[in-house]
Amino acid sequence: RLQVIEQSVNQGPAAARNVGLAATRSDWVTVLDDDDYMQPGRLGRVLAYAHDQDVVADDLLLSQEGDETGALRTMWFDGEAKPQSLNLLDFVRANSTVPGRYGRELGFLKPLMRRAFLNLNHLRYDEGMRLGEDYDLYARLLAARARFLLIPAQGYVAVRRVGSLSHTHGTAELLALRAADERLLRTPLSPAERKAISRHRQDTDERYQWARLIGAMKRGNLIEAIACF
């Protein structure tokens, strides 16, 4: 039941996940990042919530590199946690920059996704992205009106590494993330959804311009540095 597929060239996580999606015939699919781990029974506990859902995501348990056996904290839910349905508007808003909420974006989730819904809507990971490829896919799932349930933590442990791409972004990765929002803005959206996605795009653009400014200053390119403003 286990098939190991090794690519000859590292093409990034999105390409690897698409290879897995093409190879499986399972009703449900999910991913496990190589830094992370799942506690025993996690998949069964998440599936128990599936019923008529297209996507079921459990809150992440967070661990710090070097302290994997220490206390775990949840990423999203505080205190009493109850399952909640997510729509595109709430999801995008939860991924926009909010002071004091860094590292709690719902794009970090690792849900179970109904493969039939992915296939019906021709949804796959964008292989041009190496940052935010999960956010982009989940946003497009919700734009296709997937039934998306967020539930309390069931045992996915995300290990945070200092220096990982999720926390250190280059200009190319941020440009690709900005382009993903721009593609989404060209699809049918409500005014509120359009506003939220435009806000996320602006946040990404500001991060891009800041990274571009630092690079220009390091190269001593004053003209490019001024252009960032």
Side-chain angles (χ1 to χ4, degrees), residues 13-14 17 20-21 24-64 68-98 100-121 123-125 132-160 164 166 184 190 192-193 196-197 200:
R17 291 170 187 179
L21 282 170
T24 186
R25 296 296 177 266
S26 174
D27 292 337
W28 293 88
V29 296
T30 191
V31 299
L32 173 65
D33 283 351
D34 61 355
D35 298 329
D36 304 339
Y37 66 93
M38 287 188 282
Q39 294 174 342
R42 180 247 175 178
L43 293 176
R45 290 191 292 271
V46 177
L47 276 173
Y49 284 87
H51 304 301
D52 59 348
Q53 302 297 317
D54 301 305
V55 184
V56 186
D58 54 332
D59 194 5
L60 300 183
L61 296 169
L62 303 180
S63 173
Q64 196 64 34
E68 286 85 353
T69 59
L72 303 174
R73 63 182 179 87
T74 55
M75 181 193 74
W76 183 255
F77 287 112
D78 294 319
E80 185 179 358
K82 295 181 179 179
Q84 62 184 68
S85 295
L86 277 182
N87 57 35
L88 178 60
L89 179 60
D90 292 337
F91 174 76
V92 175
R93 282 177 173 171
N95 282 277
S96 294
T97 302
V98 175
R101 202 186 67 188
Y102 178 75
R104 298 185 65 191
E105 293 87 348
L106 295 182
F108 288 121
L109 294 172
K110 297 296 183 286
L112 271 67
M113 299 173 283
R114 193 182 296 274
R115 189 170 62 87
F117 189 90
L118 291 168
N119 290 342
L120 178 65
N121 293 279
L123 292 170
R124 290 294 184 269
Y125 290 92
E133 68 280 349
D134 292 320
Y135 158 81
D136 172 59
L137 181 65
Y138 306 158
R140 287 186 285 123
L141 276 162
L142 287 164
R145 306 310 169 194
R147 295 162 295 183
F148 194 129
L149 187 67
L150 177 60
I151 65 175
Q154 302 298 320
Y156 187 105
V157 182
V159 180
R160 295 291 175 86
S164 70
S166 297
L184 198 56
S190 71
E193 290 169 342
I197 295 167
H200 186 271

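Throughout, residue positions are numbered sequentially from 1 according to the sequence presented.
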For the residue pair R147 and F117, would you count it as a cation-pi contact if the rule is NZ or CZ under 6.0 angstrom from the ring centre and within 45 degrees of the ring axis? no
Taking every heavy atom of E133 against every heavy atom of P13, the minimum-distance pair comes out as OE2-CG, 3.7 Å
Using atom types as modelled and distance alone, determine if a side-chain donor or acceptor of D58 lies under 3.5 Å from a backbone N or O of V46. no
Working to the nearest 0.5 Å, report the span between OG1 of T30 and CE of M38. 6.5 Å
Interatomic distance, CG@D78 vs CZ@R73, rounded to 0.5 Å, equals 9.5 Å
Out of curiosity, F91 CZ to L141 CG, how far, rounded to the nearest 0.5 Å? 9.0 Å
Checking R140 side chain against L184 main chain: does a donor-acceptor pair fall under 3.5 Å? no
Within the side chain of S190, is there an N or O that forms a donor-acceptor pair under 3.5 Å with the backbone of E193? yes
Could you give the distance from CG (L142) to CG (D54), rounded to the nearest 0.5 Å? 9.5 Å
With a 4.5 Å limit on heavy-atom distance, are the side chains of L88 and R145 in contact? yes
Is any side-chain heavy atom of D36 closer than 4.5 Å to one of L60? no
Do you know which two heavy atoms are closest between V157 and S63, and how far apart they sit? CG1-CB, 3.9 Å
Main-chain N/O of R25 paired with R115 side-chain donor or acceptor, under 3.5 Å: yes
Does some side-chain heavy atom of K110 sit less than 4.5 Å from a side-chain heavy atom of L32? no
If you define the side chain from C-beta out and look only at heavy atoms, does anything of R124 sit under 4.5 Å from L137? no
Shortest non-hydrogen separation from N121 to A144 and the atoms involved: OD1-CB, 3.7 Å
Does any non-hydrogen side-chain atom of V56 lie less than 4.5 Å from one of P111? no
Below 4.5 Å, heavy atoms only, C-beta onward: do P152 and D59 meet side chain to side chain? no
Who passes side chain to side chain donor-acceptor pair (under 3.5 Å) against R17, sequence neighbours left out? D33, D134
Kindly say whether E105 contributes a backbone atom to a donor-acceptor pair with the side chain of Y135 at under 3.5 angstrom? no
If you round to the nearest 0.5 Å, how far is CG of N95 from CG of D136? 11.0 Å
Nearest-0.5 Å distance that lies between atom CD1 in I151 and atom CD in Q53: 10.0 Å
Heavy-atom pair of closest approach, residues A196 and V92: O-CG1, 3.5 Å
Are the side chain of T74 and the backbone N or O of W76 linked by a donor-acceptor pair below 3.5 Å? no
Would you say the side chain of V55 lies within less than 4.5 Å of the side chain of Y138, judging by non-hydrogen atoms? no
Under a 4.5 Å cut-off applied to non-hydrogen side-chain atoms, are M75 and Y156 in contact? no
